[in-house]
Amino acid sequence: MPEGNEIHRWAERHRSAFVGKKMHVESPNGRTEDTERLDGRVLEKVLAHGKHLGYVFGKDRILHVHLGRYGDWTEGQMPLAEVKGVLRLRMWRAGARARVDQAEATTRHGWYSSDDGSSTVAPENVDWLELRGASDCSVWTDAQWEQLIERLGPDPLGSTGEPAGDVPDDPGPAFERIAKTKKPICVLLMEQDVIAGIGNIYRAELLYRERLNPMTPGNEVPVASLKRIWKDSIPLMKAGMVDRRIITTRPKDRPTKKAGLPLKEEAHYVYRRHGKPCFVCGTKVLKTDIAGRTLYWCPVCQQGPHADREVGVAVQ
DNA sequence: GCCTTATGCTCAC
DNA sequence: TGAGCCTAAGGCT
């Protein structure tokens with residue numbers, strides 16, 4: 001269930017584990033076609049933009065992975081775990097598998113660590129990957145990847161295979177698109193061709209941190225406000241790459257006032273906090289369904305310049 | 001065990 | 001705008 005932070009995190013880990021190495025690729029459940037075109041080749045690059053991953057095995061041999069809402073990677077050290085359930089793709093370093101025959105099979109997920117879901121295995125020691133639940137996993141041509149990048153908006157975490165990414169200070173095209181439409185800003189932030197990589201958690205939290213009414217039409221959001229949201233998203237999403245937690249609250253706003261890793265229930269201002277008091281003003285956080293997704297917001301802190309605007313039908 | 005929900009997206013109407 | 005797809009976890013009985 002990833003947003004851009006997690007995608008870039010996987011890209012970084014898989015880069016350091018596998019780039020330059022000869023890989024074996026197979027699809028145990030047959031759902032991924034053409035894996036034989038990748039099997040036995042060297043992984044040249046791992047690309048990431050927004051919520052898309054690209055594993056480059058040569059010209060026109062890019063394994064495109066989109067995790068969708070449920071997809072997830074499992075990674076670990078040899079030996080490989082037994083195949084269970086619907087495993088869509090498996091990749092492992094050539095040479096590493098020889099050890100499988102000599103070692104006892106470990107149980108799946110035996111490598112999982114603490115509740116933050118991060119791996120205890122350092123990336124350089126990762127031998128294999130398994131993919132399940134992805135909404136897309138298929139072999140793409142270079143042209144297909146280029147078309148994707150063309151369609152996507154700027155990514156706060158940078159683009160393509162550069163670890164540090166090329167993050168623009170001012171993502172002009174994204175601001176222009178927002179300024180041209182009456183669509184509410186909360187919908188625009190989720191559109192991947194406006195800004196790539198923001199999902200439901202970051203959109204709710206970024207809007208709260210800017211104290212912006214989620215229903216403000218794009219063309220009425222001050223440019224200064226857009227700039228602050230963009231600038232805010234960069235460190236926030238980078239921090240989300242460290243482990244698989246998204247933390248958006250400032251220590252001073254948390255009930256415990258504790259710095260460092262917050263309690264689970266203090267990690268977000270509004271996301272999934274409907275019915276609970278806003279940390280800042282004490283008003284009950286609301287939720288509503290908009291464009292098929294759940295939006296969370298504080299009706300007092302986020303009145304912004306549009307206090308009179310209805311935000312859907314509030315539930316609790 | 002069953003039901004609901006979930007960090008996403010595409011397609012048909 | 002709604003259905004459909006994919007999987008796992010948590011809350012309920």
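This structure is a prediction, so every number in the text was calculated from the model and none was measured. Order of the sequence lines fixes the chain letters, A, B, ..., with proteins taken first and strands second; residue numbering starts at 1 for each chain.
- Between the side chain of A:Y296 and the backbone N or O of A:E205 there is no donor-acceptor pair closer than 3.5 Å.
- Checked against the 6.0 Å centroid threshold, A:W73 and A:Y55 count as a close aromatic pair.
- Atom CG in A:D72 sits roughly 9 Å away from atom P in C:dA9 (whole-Å rounding).
- Partner of A:F57 under the side-chain contact (heavy atoms from CB on, under 4.5 Å) criterion, out of A:I62, A:V25, A:V42, A:V139: A:V25 alone.
- Contacts of A:D193 classified as salt bridge (Lys or Arg N to Asp or Glu O under 4.0 Å), with partners at least two apart in sequence or in another chain: A:R177.
- One can place CG of A:L87 at 13 Å from C1' of C:dT7, the figure rounded to the nearest angstrom.
- Nucleotides B:dT10 and C:dA8 have their P atoms positioned 23 Å apart, rounded to a whole Å.
- Among the protein residues, A:R203 comes within range of no part of the nucleic acid, since none of its heavy atoms lies under 4.0 Å from any strand.
- Under a 3.5 Å cut-off, the side chain of A:E3 and the backbone N or O of A:N200 do form a donor-acceptor pair.
- A cation-pi arrangement is present between A:R273 and A:F279, with the terminal nitrogen or guanidinium carbon under 6.0 Å from the aromatic centre and inside a 45° cone about the axis.
- When each of C:dT7, B:dA6, B:dG8 is scored by its nearest atom to the side-chain atoms of A:R132, the top-ranked nucleotide is C:dT7.
- For the pair A:L236 CG and B:dT7 P, the computed distance is 17 Å after rounding to whole Å.
- A donor-acceptor pair is defined here as one N or O able to donate and one able to accept, closer than 3.5 Å; no such pair exists between the side chain of A:E130 and the backbone of A:L87.
- Atoms CH2 (A:W73) and P (C:dC6) sit 18 Å apart, rounded to a whole Å.
- The interatomic distance linking A:L152 (CG) with B:dG8 (C1') rounds to 13 Å, in whole Å.
- Base-pair partner of C:dT13: not found among the strands shown (Watson-Crick or G-U wobble, both distances under 3.5 Å).
- Separating the P atom of C:dA3 from that of B:dT5 is a span of 15 Å, rounded to the nearest Å.
- Across the protein-nucleic acid pair, A:Y202 atom OH and B:dA6 atom C1' stand 16 Å apart, rounded to whole Å.
- Under the Watson-Crick or G-U wobble criterion, with both distances below 3.5 Å, C:dG2 is paired with B:dC11.
- For B:dA6, the OP1/OP2 oxygens have a side-chain nitrogen or oxygen of A:Y296 closer than 4.0 Å.
- B:dT7 atom P lies 7 Å from atom CD1 of A:I201, rounded to whole Å.
- Counting non-hydrogen atoms under 4.0 angstrom, A:Y271 reaches the backbone sugars and phosphates but no base.
- Distance, A:L131 CG to C:dC6 P: 14 Å, rounded to whole Å.
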Can you give me the N/O atom pairs linking the protein to nucleotides 9-13 of chain B at distances under 3.5 Å, or say none if there are none?
from, atom 1, to, atom 2, distance (Å)
B:dC9, OP1, A:H66, NE2, 3.1
B:dC9, OP2, A:K51, NZ, 3.4

